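Chain identifiers are assigned alphabetically (A, B, ...) following the order of the sequence lines, protein sequences preceding nucleic acid strands; residue numbering begins at 1 within each chain. Since the model is a prediction, treat every value here as computed from it, not as a measurement.
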Amino acid sequence: MAFWLIKSDPEEYSWDDLNRDKFTVWDGVRNYQARNYLKSMKAGELVLFYHSRISQAIVGIAEVIRTAFPDLNADEPDWYSIEIAPLRSLKKLISLEHIKATDALSKLPLILQPRLSVMPISEDEFKLILELSN
DNA sequence: GCCAACGTTGGC
DNA sequence: GCCAACGTTGGC
């Protein structure tokens, strides 16, 4: 069981959009590292949903409902999509500022690799974020 | 809205 | 195969 974090610019596709849609195809990833993480996601694994730019906070928990399949919008082969569905919103948003100020979260790729849009997160980190959001 | 940082592309 | 130029991302 792995845990993940994905980023979305809420002006493009927000947590509210996902809740309205009930589920969505997560496509358009064009970064090899992010692609490899996408491919290793399994159904039922949990995904923190992070808003970049305007909001800059983890806002909810989603679930992988379909594992990697070819990204139909890609010009080239070997790009993949998954499907996710919203599970629940966090009671309290976990802001980037808060994450940066929390020692136990300072190793997150979110901080070390600011431009990576799909990343793994450890179980400890995941649990801590849930605690902080209560 | 700006722009630094990063990843990718393509000319050599 | 190097690296300058370019496009994109996302924090500020």
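The interatomic distance linking A/I111 (CD1) with B/dC6 (C1') rounds to 18 Å, in whole Å. To the nearest angstrom, C1' of B/dC6 lies 10 Å from CG of A/N31. Spacing between atom CG of A/L116 and atom P of B/dG7 amounts to 9 Å, rounded to whole angstrom units. Here the C1' atom of nucleotide B/dA5 and the CD atom of A/Q113 are 12 Å apart, to the nearest Å. Per the geometry, CD1 belonging to A/I54 stands 11 Å off P belonging to C/dG11, to the nearest Å. One atom, CZ of A/R53, and another, P of C/dC12, lie 13 Å apart when rounded to the nearest Å. When the C1' atom of B/dC6 is taken as reference, atom CD of A/Q33 falls 12 Å away, rounded to whole Å. Rounded to whole Å, atom P of C/dT9 lies 15 Å from atom OH of A/Y50.
A/W26 and A/E83 share no side-chain donor-acceptor pair at under 3.5 Å. Looking at A/Q113 and A/Q33, their side chains do bring a donor and an acceptor atom within 3.5 Å of each other.
The pair A/D78-A/R35 meets the salt-bridge criterion, since a charged nitrogen lies less than 4.0 angstrom from a carboxylate oxygen. Remark: A/R20 engages A/D17 in a salt bridge, criterion side-chain N to carboxylate O under 4.0 Å. Contact check on A/K127 versus A/E123 returns a salt bridge, with a Lys/Arg side-chain nitrogen under 4.0 Å from an Asp/Glu carboxylate oxygen.
Side chain A/R115 to base C/dG10: no donor-acceptor pair is found below 3.5 Å.
Annotation: side-chain hydrogen bond (donor to acceptor under 3.5 Å, both in side chains) contacts of A/D16 (sequence neighbours excluded): none.
Both cation-pi conditions hold for A/R66 and A/F69: the charged atom is under 6.0 angstrom from the six-membered ring centre and inside a 45 degree cone around its axis.
Applying the 4.0 Å criterion to OP1 and OP2 of B/dC6, one finds that A/Y32 has every side-chain N and O outside that range.
Within residues 2-13 of chain A, the residues approached by DNA chain C to less than 4.0 Å at the level of any non-hydrogen atom are A/K7, in residue-number order.
Nucleic acid contact for A/Q56: base, since at least one base atom lies under 4.0 Å from a heavy atom of the residue.
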